[in-house]
Structures are given as C-alpha cells and as structure tokens.
There are 4 protein chains.
Amino acid sequence: MERRLTSRGAERRRQLLATAGRRFAEHGYHTTSVAEIVHEVGVGKGVFYWYFESKEQLFLEVLAQAQAELRRAQEAEVGDEVDPVRRIERGIRGALTWLEANRDVLAVFQLAATDVRFVGALRAGEEIMAAELAGHLKDGIVSGRIPDGDPLVLAHAVLGAVEALAHTFLGREGAWDEGVADTAVAFCLGGILATRRRGASGSS
Amino acid sequence: MERRLTSRGAERRRQLLATAGRRFAEHGYHTTSVAEIVHEVGVGKGVFYWYFESKEQLFLEVLAQAQAELRRAQEAEVGDEVDPVRRIERGIRGALTWLEANRDVLAVFQLAATDVRFVGALRAGEEIMAAELAGHLKDGIVSGRIPDGDPLVLAHAVLGAVEALAHTFLGREGAWDEGVADTAVAFCLGGILATRRRGASGSS
Amino acid sequence: MERRLTSRGAERRRQLLATAGRRFAEHGYHTTSVAEIVHEVGVGKGVFYWYFESKEQLFLEVLAQAQAELRRAQEAEVGDEVDPVRRIERGIRGALTWLEANRDVLAVFQLAATDVRFVGALRAGEEIMAAELAGHLKDGIVSGRIPDGDPLVLAHAVLGAVEALAHTFLGREGAWDEGVADTAVAFCLGGILATRRRGASGSS
Amino acid sequence: MERRLTSRGAERRRQLLATAGRRFAEHGYHTTSVAEIVHEVGVGKGVFYWYFESKEQLFLEVLAQAQAELRRAQEAEVGDEVDPVRRIERGIRGALTWLEANRDVLAVFQLAATDVRFVGALRAGEEIMAAELAGHLKDGIVSGRIPDGDPLVLAHAVLGAVEALAHTFLGREGAWDEGVADTAVAFCLGGILATRRRGASGSS
DNA sequence: AATGAATGAGCGTTCATTCAT
DNA sequence: GATGAATGAACGCTCATTCAT
C-alpha cells in the first residue's frame, strides 16, 4: 500500500521507527507495547496504525533499516580497496565503528534471532554479509593471498568473532577501546591466513 | 520450600523441563505458553505450578541445566591435557560435539540474551567459559606458546566464532560435517597464534 | 498518569464505579469478578483497565467516594449549629438519613474492614469521624454540658451504636422507621450525658 | 456424616480448627488457602478433607465455636444475678473480658459479615445475643428500672457500641485498659436509662 | 488415616488491533 | 490525519477439591 506522505508524515514515521528501535533494544519485542511507543512519541494509537500495518511489520522495518545502514557504512569504509585481505580488514573496522555509534542495533539483531517471524529476514541479511566476505576470501584464495579453505565457513567465523566482541565490549561501559578493534582484526586475519593447517593445533 | 519428590514426581518434572526447553527453543519464550507446555505433556495446568514456581523460574532452570551440561561435556573432553593450545582445541571440539547433539541449547542461549530477566544468568555462564579460556591463553602466553595479547578479548572472539559456526551450520539441515569443526579449530588457533601482529593486515 | 476523559469516558467511569460498588456490597470483594462487572455494564474487559488501574484501586475509589459523601452529608446536616450536643445529634441523624438512601455503603465499609489492603483507608476515615465527634464531646465537657470522660472512647461507642443500628435495621426490609433514629439519638446522648457515673450501674 | 474420631483424630481436628481460625482472622477468608492451613499444621491436604467437608464448612464451624464460647463466657459472668440492669452490665463486662483474651474472634465475626454464605449464621448468633439482652431490657422496663423504649433497638445499640469499642481498642497495641470497659458500661447503661427522653437533646 | 500429585475452572490483567468521532 | 475508547482472546497463575497409592 504505497502511501504518499507529507514531510510531516515522513518525520512522524521516522520518529516512531527510532523510538520503537530504541525501546525494542532496551526492553525486547514482546515487552515493548505499541502503547508505550506511541506514548513516548506523544501521539495517539491510531497514528501508529496509520504508518505501520502492525507491530510485526514495524519491527521488520527497524531490522531492515539497521541492516541496510550497517552495510552502507561498511561499504563506505571498504571503498575501492582492491586487496581482498585489506577489504576484509576495512570491513571489520567499518562494522565495529558503526556499531559503536549504533549500539542498539546489536540488540535488535539478537531479538530478531529469537523469533520465527524475524529470523528469516535476519539470516537473509547475514547471508548477504557472509557472501560478500566469502567473495573476498575466495578472491584471496584464488590470488594465493589466503590459504585454501571453505570461504563460507570462514566468513561466518569472522562474523561471529566480530559480533561477539562488539556485543561483549560495547555492552559494558568503558570496556571498549581501539585495542579491541585491533585485536578483532588481528584475530580474524590470523584465523583466515592460518587455515591451511586444517585441524592441526600443535604445529609450531 | 524444598520439595521432596517421589520418583514419579521427579520424572514429571524432568518431562516438563524437557518439553519446555524444546518449545522455548522452537518458538521462543513469550510465544510458548504454559498452557502449551502442559498440554503437550498431557497434564493439567496446576501440575506446572506444583513443580515450578513460575514460567520465569522454569526458563532459568532450563538455561542453568544447559550451561552446566555444556561445561561438563567440555571438561570431559579437555580431560587432563596439559598443553594450553591443545586444551583450547579440545574445548572447542567438545563444545561443538555436544552442541551437535543438543541443538536446542543454542536457541535457548539466544533467547536468554534478549530478556533482562535472563541475561544476567546467561552472561555469568559465558564469563565462566571466557575466563577459563582466557586462563588457557594466559598460560600459553606465559610459556611463550601464544604471542602476547589481551586474553579476555581473544577468549570472546573464540567463543563468538565457535558459537556463530555452531549456530549457522547446525541450524541448517545437512550443513554440518566434521570439516566445520576442523575449520573452527584452525581459524581460532590461527587467530590466537597470530595476534602479535596487532592491527597489521598486509604482512605476508 | 493523569487521564483526560471525554464526557462519554467520564460517564463510563461513573457507570463502572456504581456497578462495582453495588456488586461489591451484594457479593463481596473476592466474590465479585471484574468479568461480572464489565458484563453487567455491557462492555469488554479491556474497558475496565482503561479506567482503573486494578480491581484493588477501584475498590479503594468506591470506598473513598462513599466516605467523602457520608461526611459531606453529615456536615451539611450539622451546618452551623453551635451547641456541641446538638451538633452530635444532628451528625447522627445526618449519617442515618444518608445511609438510609445509600445502603450499599455499610456493606462496603464492612468489606474494607476485612482486608489488609483496605483497612488502612477505612480506619483513616473512621478516625476522622471519631476525631470530629470527639471534638464536639471535648467542647461539651469543657463547657460543662457533658460530664467528664474519655472523648475518643465515647466517640467510638457512639459510632459503633449508630453503625450497628443502621446495619441491623436498614438491612432488614421494612424494619427501618423514624423511631430507630430517635432511639439512636436518645441512646447515644444518654450514654454521653451519663458517663460521670463511671462503672456504676445501680444508681437511680 | 457422624464420624467417630479417635482421640488423636479429635486432636487433629481441634488443631486444624484453631490454626484456620487464626489465619482467617489474620489474613481473611479468601486470602487463607487450605494449603496454607495444612502446611502450618504440618499435614497433607487429604487430612483436611478427612475432617472437614469443605473450607466453607470449616469456617462455619470456626464461627459457631467462637459464638458458643462467647455466649458461655458471658453466661458464666452473668451467673444468677437477678437485677436486669446488673445482668446487662455483667454481660458487657463478660463479653469484653473474653474478647480481650480471644481477639481473633472479632475478626472472624467481621469476616462472616461480608460473605453471603456466612452472614446468616452470624446474624442468627447476633439475634440470640440481642434477644437475650432485649429480654433483660424488657424485664427492666416492666419492673420500672428502665424507662420505656424498643428493647430490640436498644439491644442492638448496646451490642454495636460494645463491639466497636472492643474492635477499636483491642485492635491497637496498648490502647486497652480497664477504663474502656468502664466507659463502655457507663455509656451503655446511660443510654438505656435515658431513653425516655426520645429525640430530646437539649434538656439539661 | 494420610500423602503427594493432579485437576481445571476461574481469576486479574495485558495488549495488538479496530473504530466512531 | 489523529484521537480516545473499545474489543476480546490470551496469558500467567491460584486454589478448592479429588484421587491413586
């Protein structure tokens, strides 16, 4: 239902989306009621249903927006770098920098992971990121910069490590510093560049 | 109010715990009602409250049990291995093996991460695992087996990578094979053993 | 959360309050369900919680309203009478007249007396009435119109006698007549004016 | 269903009755569960239903016992006194003394007043006391000791005053002393002996 | 006699959603 | 566009009562 919105309307919509995103992140999906959202924005309940079909669709939109913005930030950071390993590094740094400024987003992602209605959209976004990362890895493998290995598995390992670090250290007051990003990069690149030694642990 | 249970009672309790755990994993916390759980077990509603104080406490128990069993499985796998790098490897393999046989558990962990009432217990368990892993890392650093780096940050990176792989590849039918565990180990150990090159990405 | 109500809303609220008050008086607090109240008013369950925070708060409001109206009626009856004994008489008559027209109220008072959540509010109201009455008594004692005695004890005795008569004779169909009020007044004033003979029973 | 009880059984029954009475008085009827009662006594739930048909019947029995004991205490106090006014005085004192030692009972009476299932039994007991008191009053009127008036109305006024004083001053820690009983007696007898001056308040 | 376990109707309350104004 | 009011299914939970052992 394409709706033409006045600029005031578009602003309202943005406001609702932002408020909802924050509250979802802070209190969870089920524990955030439509009543709370509209109350915080200071409008009546009808307004909500003028701009959004349902609470479910609202969440999906919050999620999609967060995913799109993260990707955009990452792309901007990666820029036109051609070396695949450097692309990966920049991607990691870009994601961490953006997440640092948008801490709610991780909570929204986690929320999405726990609900059948949202997990599909979440995974789809993850797959896109994983596929892109896997593309860089493949490039590196082909060009001999990166030892052979399953690019998709490696991509998910990188994503998982980055997300865990972001989550753990952004979530604690005062725990975040540049060193965490440096360690994230070093760990991931080290993992990528070392994978030829499959299953080996003791080799010096 | 310590309750002495007959063996029939203990069995009922176990039954409810298992059923609830499965449904939580499949449908989420809020989307699983007490009515559904008792219906599936085939008992009346009151039975639930005979064995559990509340739905919340039940979830906490499901979570605690899963955490305890995972740690137990890991400890059994690590055994008396003395080399810290090998301890880490065995820990990763032990966790992945156990999670393969108990796939619901990851979903329960994710659920717990999204609810203020549970996140404390979840994080406490995570911190224990991270601390243990960090201990191995510290041992390795002291003995010169592992290059210097922040053990806690590395520990969370490893945990994140492992969890992401478990989640991504155990969640998809047919996607799991031994190679994933091998790659997980190789990636993590590579990441750990490479960390001296802080922030460096281009070194060959 | 101060709520601005439309006139339709205010009317609904009044309706619910009145219906609840009647049902409470007839069936008791625990034996009157929210479902019954809204059913009688002919609205959905949610409406109740639009206007009241909880069943408990509703009862408190019913109680407070009854207390306020009773006091108001009494004050109107007492008016500007200056003689303390006549003030007491008018107070008794005013209360009985109002209670005759609002018989539910006595039942609500009794209900409140049996629940820890309400007894505080009830006693507070009673204390106000007792204190006022005690004030008249003190005036009378000081001016010599009333023999010496503990004004607060006497006040409670009067209140108890009046309440018992109201309760007993208003509760029975056809038992109430002007004579009861006359006897109430005569009994109470006699008791008050006789108190100097402490503990004495046989004096003529 | 006449049941022959062993002496152990009779003791159990008494125990349940006493515990229930106390809890009813302290927490109310609906707010005292059968589970709590049997837990406090330290027996299983089945025991309760072995000795009592239902919670309702149990309450009725608690009430009946309290009424019977109060009457017995009063009768013992009144003894063979022949003067009707002195009989009334002794009745008041006997009731107050017994209530002082059995404070729960007033709460039980109030509870009974608020439930349709119990109010009948309560009123029946009250009527008996009122009738007895009215008998004394009639005797006094006939013999000229007491001025003319409606004995039943006066009886209820006396009962109400006494109950209110007991309730108010026994309910407050440290508020009870002999003076209250003296005032109660003086007030009631004053009220009784003064009733000829119907509706008159200003006569010196 | 007594127990622990079970029942299930019913309770107070919430909340996404709709709608008359 | 926007509001306050209304809906009602569903929820977590309680409890008097029953019953197999």
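Numbered from 1 within each chain, the chains take letters A, B, ... in sequence-line order. Side chains included, hydrogens not; waters and symmetry mates left out as well; all remaining heavy atoms used. Computed from a predicted model, the values in this text were never measured in an experiment.
Here the P atom of nucleotide E:dG12 and the CZ atom of C:Phe59 are 14 Å apart, to the nearest Å. If you take NE2 of B:His39 and P of E:dT7, they are 13 Å apart, rounded to a whole angstrom. The interatomic distance linking C:Phe52 (CZ) with F:dA6 (C1') rounds to 15 Å, in whole Å. If you measure from atom CD of C:Glu11 to atom C1' of F:dA6, you get 16 Å, rounded to the nearest angstrom. Separating the CD1 atom of B:Ile37 from the P atom of F:dC11 is a distance of 11 Å, rounded to the nearest angstrom. Protein atom CD of C:Gln57 is 15 Å distant from nucleotide atom P of E:dG12, rounded to whole Å. Rounding to whole angstrom units, OH of residue B:Tyr51 and C1' of E:dA6 are separated by 8 Å.
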Which pairs would a plain distance check flag for residues 111-119 of chain A, meaning a side-chain donor or acceptor within less than 3.5 Å of a matching protein atom at least two apart in sequence or in another chain?
unit_1	atom_1	unit_2	atom_2	d
A:Thr114	OG1	A:Leu111	O	2.8
A:Asp115	OD1	A:Arg117	N	2.9
A:Asp115	OD1	A:Arg117	NE	3.0
A:Asp115	OD2	A:Arg117	NH2	2.9

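Proximity of C:Glu56 to C:Glu61: side-chain heavy atoms (C-beta onward) are nowhere separated by under 4.5 Å.
Under the rule for a ring-ring contact (aromatic ring centres under 6.0 Å, His included), the partners of A:His30 that lie at least two apart in sequence or sit in another chain are B:His30. Applying the salt bridge (Lys or Arg N to Asp or Glu O under 4.0 Å) criterion to B:Glu11, with sequence neighbours excluded, gives B:Arg14. Not counting sequence neighbours, C:Arg12 has no partner by the side chain to side chain donor-acceptor pair (under 3.5 Å) test.
For D:Lys55 and D:Tyr29, the positive end sits near the middle of the six-membered ring, less than 6.0 Å away and at most 45° from its axis.
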_Nucleic acid footprint by protein, nucleotides 13-21 of chain E - heavy-atom cut-off 4.0 Å, B for base, S for sugar-phosphate alone_ = BBBSBB---

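A distance of 14.0 Å separates CG of D:Leu16 from CH2 of D:Trp50, quoted to the nearest 0.5 Å.
Remark: the separation of the P atoms in F:dT21 and E:dA1 is 23 Å, to the nearest Å.
Salt bridge present: A:Glu126 and A:Arg123 bring a charged side-chain N and a carboxylate O closer than 4.0 Å.
Consecutive pairing runs in DNA chain F reach the stem threshold at E:2-21 with F:2-21, where a stem means at least three Watson-Crick or G-U wobble pairs with distances under 3.5 Å.
Side-chain nitrogen and oxygen atoms of C:Arg12 include at least one within less than 4.0 Å of the OP1 or OP2 phosphate oxygen of F:dA6. Phosphate contact (OP1/OP2 of F:dA2, side-chain N/O of A:Trp50, threshold under 4.0 Å): absent.
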*Begin from the C-alpha positions of D:Gln110 and D:His167 and carry the test side-chain hydrogen bond (donor to acceptor under 3.5 Å, both in side chains) through to its verdict.*
CA-CA 10 Å; D:Gln110 274 184 317; D:His167 191 259; 3.0 Å; yes

